[in-house]
Amino acid sequence: MRVLPAGDAALLVELADLAHTLALYRALRSEALPGVRELVPAACTLLVQFEPDEVSAQTLAAAVRARARLLDGAALTATTPATTVEIPVRYEGEDLAFVAEHLGISVQEVIARHTGAPWQAAFAGFAPGFVYLAGGHPCFANLPRRATPRTRVPAGSVALAGDFSAVYPTASPGGWQLIGTTDAAMWDLARAQPALVQPGMQVRFRRADAGHVAPAPQPTAKVHEQNMAPALDGQAPAAIEIVNAGLQTLVQDLGRHGCAGLGISPSGALDAPALRLANRLVGNAPDLPVLEAVLGGLALRARGRVTLAVAGADAPLTLRAADGAAWPVRSHAPLALDDGDVLTLGAPAAGVRSYVALRGGWRVAPVLGSCSRDTLAQLGPAPLRTGDVLGVGNAPPHACAAPQTPRPDLPRAGDTVVLDVLLGPRSDWFTPEAIALLQRQHWRVTPQSNRVGMRLAGDAPLARARHEELPSEGTASGALQVPASGQPVLFLADHPLTGGYPVIAVLARHHLALAAQIPVGCSLRFRVIAPFEEV
């Protein structure tokens, strides 16, 4: 067993196989270690995310090793009762011919082998309802991913990669080989149990014209109570009308923790300090939901008297009264609006994302314990649209005053931003020249960047020392994942829970908020602050 660093708030535990991984996962779930926030099992690894203020990486690694030594044969073979789910597939995927050619068999034989053996649902990851299916025919072992992942894989795509098969529950980026499509809803919040397939179940694929789907009952998801938003019950005396939703305005809080078993990452505000500050400025508890607006353009009309505050990006604010008079107002300060007043956020001079807090909170309903919108999972309150009206909540006042600290300097388009990173967990998959290039080269932030991650482009790619397929494993926010193209992706809050490309380094926690405010067109330089060493 190896314990590898995955930034300054996570460890990647490398184990012998899937059986050992799931056994350790079950052991750590049954008796949690102090400071552990989340466990993400994968093919041969277990990502252990922890709170550094509560436990050190070294102490946690020792405790994980001690727990692993207690595992016995019974723990390794423990399973849940298998329930079989049939999934009908139209075998017409874009990569079906490639898979057949790679395996040296016909397309019809690929289909026969994919449908001919049962698959075991091993672990969830990447997106809600995305479950890694192990087993199947041995010919599919070590099937390579695409050199460059697609920016959009359609919902219902049936795919192969590494030693696994899976179904993409929603449209999302992805690098697996697509062999077909299904109409089976892998994830549906309208159902009592949203996930069609859960770890421990058995899956059989069949050609779409050969029978019917037999969905199975699933266990209820568990969500940590501390992630539940404050109750906003009763009649609110005021509301906010969205006059202009801008480029993208989402409801965000501090995230949806405790849902890794469903394949759901925490998500949450990209600039968490700005969220907390905006709430404190209006007298809210610092973790209440806020509006996260990208690149300005958001305009809000008060229906009744309200108090707002805007923090984050350096964006000009204009207040227009009902009689037409208009004047500039300060950001990062409480703003009192009368009935009919309109507050407009202009284009930021620096930074990207602004956070709008409302005294009493926004009246929005949590989904699986959080009000955050996860753009990859398409989970949480829908993106705001022009004409929407949000009520004012009745969350009680919070006594914590806003800190009197200077606002950080935020990057402007064209700037070069230096970000601190810690090497690992897969730095040893890259050549020494690639490690040096990571730090020396300027990396351009491309327009394909979003809340899932920043797609970066450099003049020279990062070269690998190892070229075999990496089994899918858990990834942390701030991970620098490097696909076969050698051009890295910096994962942000809505990143996939697991991924199959090596992570060369992970952003330091103190620079996660800065990364959220870097505009497209900036250049990044990475500064290594911790070497790659086993813990």
Side-chain angles (χ1 to χ4, degrees), residues 5-10 49 52 173 247-248 250 252 254-255 265-278 290 292-295 311-315 348-355 372-376 407-424 438-439 441-458 462 475-482 487-497 499 501 503-530:
D8 50 9
Q49 296 177 311
L247 180 64
Q248 182 188 68
L250 307 173
Q252 295 293 342
L254 292 180
S265 64
S267 187
L270 293 189
D271 188 344
L275 174 147
R276 294 187 180 97
L277 176 57
V290 300
E292 181 184 83
V294 175
L295 296 176
D314 183 9
V352 176
R353 293 175 170 87
S354 299
Y355 293 84
S372 284
R373 176 64 179 184
D374 185 328
T375 59
L376 177 65
R407 289 166 51 195
D409 291 331
L410 296 179
R412 301 168 182 265
D415 284 354
T416 296
V417 182
V418 179
L419 296 176
D420 293 340
V421 297
L422 299 87
L423 291 181
L438 174 71
Q439 304 169 71
Q441 182 166 259
H442 286 245
W443 300 92
R444 299 181 299 280
V445 179
T446 70
Q448 289 72 38
S449 302
N450 52 32
R451 280 184 52 90
V452 175
M454 285 188 195
R455 288 181 177 260
L456 307 178
L462 298 173
T475 55
S477 290
L480 268 174
Q481 191 185 70
V482 185
Q487 302 291 347
V489 179
L490 176 60
F491 278 170
L492 298 178
D494 290 357
H495 68 86
L497 199 64
Y501 299 107
V503 171
I504 191 171
V506 180
L507 199 64
R509 284 185 305 148
H510 60 261
H511 273 170
L512 282 170
L514 173 59
Q517 298 291 2
I518 298 175
V520 170
C522 281
S523 293
L524 305 186
R525 291 283 303 276
F526 294 110
R527 177 172 57 203
V528 172
I529 62 172

What are the two closest heavy atoms between Ala457 and Thr446, and how far apart are they? CB-CG2, 3.9 Å

Closest contact, heavy atoms only, Ala274 versus Tyr355: CB-CD1, 3.6 Å

Does Ala9 offer a backbone N or O that forms a donor-acceptor pair with the side chain of Arg509 under 3.5 Å? no

Pro273 and Ala513: which non-hydrogen atoms are nearest, and at how many Å? CD-CB, 3.8 Å

Any idea which heavy atoms bring Ala313 and Gly351 closest together, and the distance? CB-C, 4.0 Å

When every non-hydrogen atom of Ala516 is compared with those of Leu270, the smallest separation belongs to CB-CB, 3.4 Å

Check for a donor-acceptor pair, side chain of Gln487 on one end and backbone N or O of Gly458 on the other, with a separation under 3.5 Å. yes

Can you check side chain to side chain contact (heavy atoms under 4.5 Å, CB included) on Val417 and Phe526, steps first, answer last? CA-CA 8 Å; Val417 182; Phe526 294 110; over 6 Å; no

So, Arg525 side chain and Gln439 main chain: donor-acceptor pair closer than 3.5 Å or not? yes

The reported gap from CG in Asp271 to CD in Gln252 (rounded to nearest 0.5 angstrom) is 11.5 Å

Using side chain to side chain contact (heavy atoms under 4.5 Å, CB included) as the criterion, list what pairs up with Ala508, not counting sequence neighbours. Asp8, Asp420, Leu422, His510, Ile529

Mind running side chain to side chain contact (heavy atoms under 4.5 Å, CB included) on Leu295 and Val352 for me, showing each step along the way? CA-CA 5 Å; Leu295 296 176; Val352 176; 4.1 Å; yes

OG/Ser372 to CG/Leu254 distance, rounded to the nearest 0.5 angstrom? 7.5 Å

Among Glu292, Gln248, His495, which one satisfies side chain to side chain donor-acceptor pair (under 3.5 Å) with Arg451? Glu292

Does any N or O in the side chain of Arg455 come within less than 3.5 Å of the main-chain N or O of Val445, such that one atom is a donor and the other an acceptor? no

In terms of heavy-atom contacts, Val418 and Leu514 come closest through O-CD2, 4.3 Å

Mind checking whether Leu490 and Leu419 have side chains closer than 4.5 Å, heavy atoms only? yes

For the backbone of Leu376 and the side chain of Asp374, can you confirm whether one donor and one acceptor N or O come within less than 3.5 Å of each other? yes

Between Leu250 and Thr375, is there a side-chain heavy-atom distance shorter than 4.5 Å? yes

Any chance you could measure Asp494, atom CG, to Ser267, atom OG, to the nearest 0.5 Å? 3.5 Å

Evaluate Val452 against Leu492 for side chain to side chain contact (heavy atoms under 4.5 Å, CB included), listing each step before the verdict. CA-CA 5 Å; Val452 175; Leu492 298 178; over 6 Å; no

Distance col, row His442:NE2 vs Leu456:CG, nearest 0.5 angstrom, shows 13.5 Å

Short question: side chain of Thr475, backbone of Pro496 - any donor-acceptor pair under 3.5 Å? yes

How long is the span from the CG atom in Leu410 to the CZ atom in Arg353, to the nearest 0.5 Å? 12.0 Å

Backbone of Leu438 reached by a side-chain donor or acceptor of Trp443 within 3.5 Å: yes

Step by step, would you call Phe491 with Leu507 a side chain to side chain contact (heavy atoms under 4.5 Å, CB included)? CA-CA 9 Å; Phe491 278 170; Leu507 199 64; over 6 Å; no

Rounded to the nearest 0.5 Å, what's the gap from CD on Gln441 to OG on Ser523? Could you check? 10.0 Å

